[in-house]
Amino acid sequence: MITIYHNPSCSKSRACHHILTDVGSHVKVINYKQTPFTEETLTALLGLLKMKPADLVRTNETIWKEQFKSKKLTNKGIIKAMLAYPQLIERPIVVKGDTAIVARPPERVLELL
């Protein structure tokens with residue numbers, strides 16, 4: 001089973017989803033705008049990704065630049081910012097078993113198949 005944390009408004013996320021369905025993978029789609037991340041889920045994903053919270057932030061987003069960039073945030077503070085503003089989370093995140101990747105470019109998802 002493959003899970004994609006998906007933002008249908010994002011072209012990279014849509015492209016990744018299409019790749020997965022084109023190869024016939026059984027995909028569980030979680031639209032994280034409709035089903036928001038919890039702190040526990042996001043923390044677990046960071047563990048699977050082997051990333052620090054700051055590595056998962058879309059630092060070019062206006063919200064990040066205006067509200068968070070100049071602040072010294074702890075890992076927990078960064079996670080709270082991503083929970084409050086999910087558009088800050090790099091996407092798409094794809095999980096298979098105990099492995100997760102940020103599928104950018106979308107073709108990177110093929111590494112999991």
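Below, each value reflects all heavy atoms present in this structure, side chains not excepted, and no hydrogens, waters or symmetry copies.
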Step by step, work out the side-chain contact (heavy atoms from CB on, under 4.5 Å) result for Ile79 and Leu46.
CA-CA 10 Å; Ile79 289 170; Leu46 285 162; 3.9 Å; yes
For a side-chain contact (heavy atoms from CB on, under 4.5 Å) check, start with the C-alpha distance between Val95 and Met1, then their side-chain angles and the critical distance, and finish with the verdict. CA-CA 8 Å; Val95 179; Met1 173 64 83; over 6 Å; no
(request) I would like to know whether Thr99 and Leu112 meet side-chain contact (heavy atoms from CB on, under 4.5 Å); could you show each step before the answer? (result) CA-CA 8 Å; Thr99 304; Leu112 290 178; 3.6 Å; yes
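Listed by chain and number, the residues in a side chain to side chain contact (heavy atoms under 4.5 Å, CB included) with Thr59 are Val57, Trp64 (sequence neighbours excluded). Among residues two or more places apart in sequence or in another chain, the salt bridge (charged side-chain N to carboxylate O under 4.0 Å, His left out) test is passed with Arg104 by Glu90. Applying the side chain to side chain donor-acceptor pair (under 3.5 Å) criterion to Thr41, with sequence neighbours excluded, gives Thr38. Partners of Ala15 under the side chain to side chain contact (heavy atoms under 4.5 Å, CB included) rule, at least two apart in sequence or in another chain, are Pro106. Residues that satisfy the side chain to side chain donor-acceptor pair (under 3.5 Å) test with Glu107, not counting sequence neighbours, are absent from this structure. When the side chain to side chain contact (heavy atoms under 4.5 Å, CB included) test is applied to Asn75, the partners found at least two apart in sequence or on another chain are Pro53. Among residues two or more places apart in sequence or in another chain, the side chain to side chain donor-acceptor pair (under 3.5 Å) test is passed with Glu61 by Arg58. The salt bridge (charged side-chain N to carboxylate O under 4.0 Å, His left out) search around Lys80 returns Glu39, not counting sequence neighbours.
Here Lys50 contributes atom NZ and Asp55 contributes atom CG; the two are 14.0 Å apart, rounded to the nearest 0.5 Å. In this structure, the separation between SG on Cys10 and CD1 on Ile89 is 12.5 Å, given to the nearest 0.5 Å. Ile78 CD1 to Phe68 CZ: the interatomic distance, rounded to the nearest 0.5 Å, is 10.0 Å. Interatomic distance, CD of Glu40 versus CG of Leu45, reported as 12.0 Å (0.5 Å rounding).
Using a 4.5 Å heavy-atom cutoff, the side chains of Pro8 and Asn31 are in contact. Ile4 is not listed as a side-chain neighbour of Ile30, based on a closest heavy-atom distance of 4.5 Å or more. No side-chain heavy atom of Ile2 sits less than 4.5 Å from a side-chain heavy atom of Lys28. Put simply, the side chain of Leu20 reaches to within 4.5 Å of the side chain of Leu113, judged on heavy atoms. Between Ile93 and Leu56, some side-chain heavy-atom pair lies under the 4.5 Å cut-off.
Residue pairs that meet the salt bridge (Lys or Arg N to Asp or Glu O under 4.0 Å) test with at least one member in residues 91-100, sequence neighbours left out, do not exist here. Evaluation of the salt bridge (Lys or Arg N to Asp or Glu O under 4.0 Å) test over residues 4-25, restricted to residues two or more places apart or in two chains, returns none. Note on residues 63-75: no pairs pass salt bridge (Lys or Arg N to Asp or Glu O under 4.0 Å), not counting sequence neighbours. The list of ring-ring contact (aromatic ring centres under 6.0 Å, His included) pairs with a residue in residues 8-61, not counting sequence neighbours, reads Tyr5-Phe37, His6-His17, Tyr32-Phe37.
Met82 and Leu49 end up in the same hydrophobic cluster when Ile, Leu, Val, Met, Phe, Trp and Tyr side chains are linked at under 4.5 Å. At a threshold of 4.5 Å between side-chain heavy atoms, the hydrophobic network of Ile, Leu, Val, Met, Phe, Trp and Tyr places Tyr85 and Val102 in one connected group.
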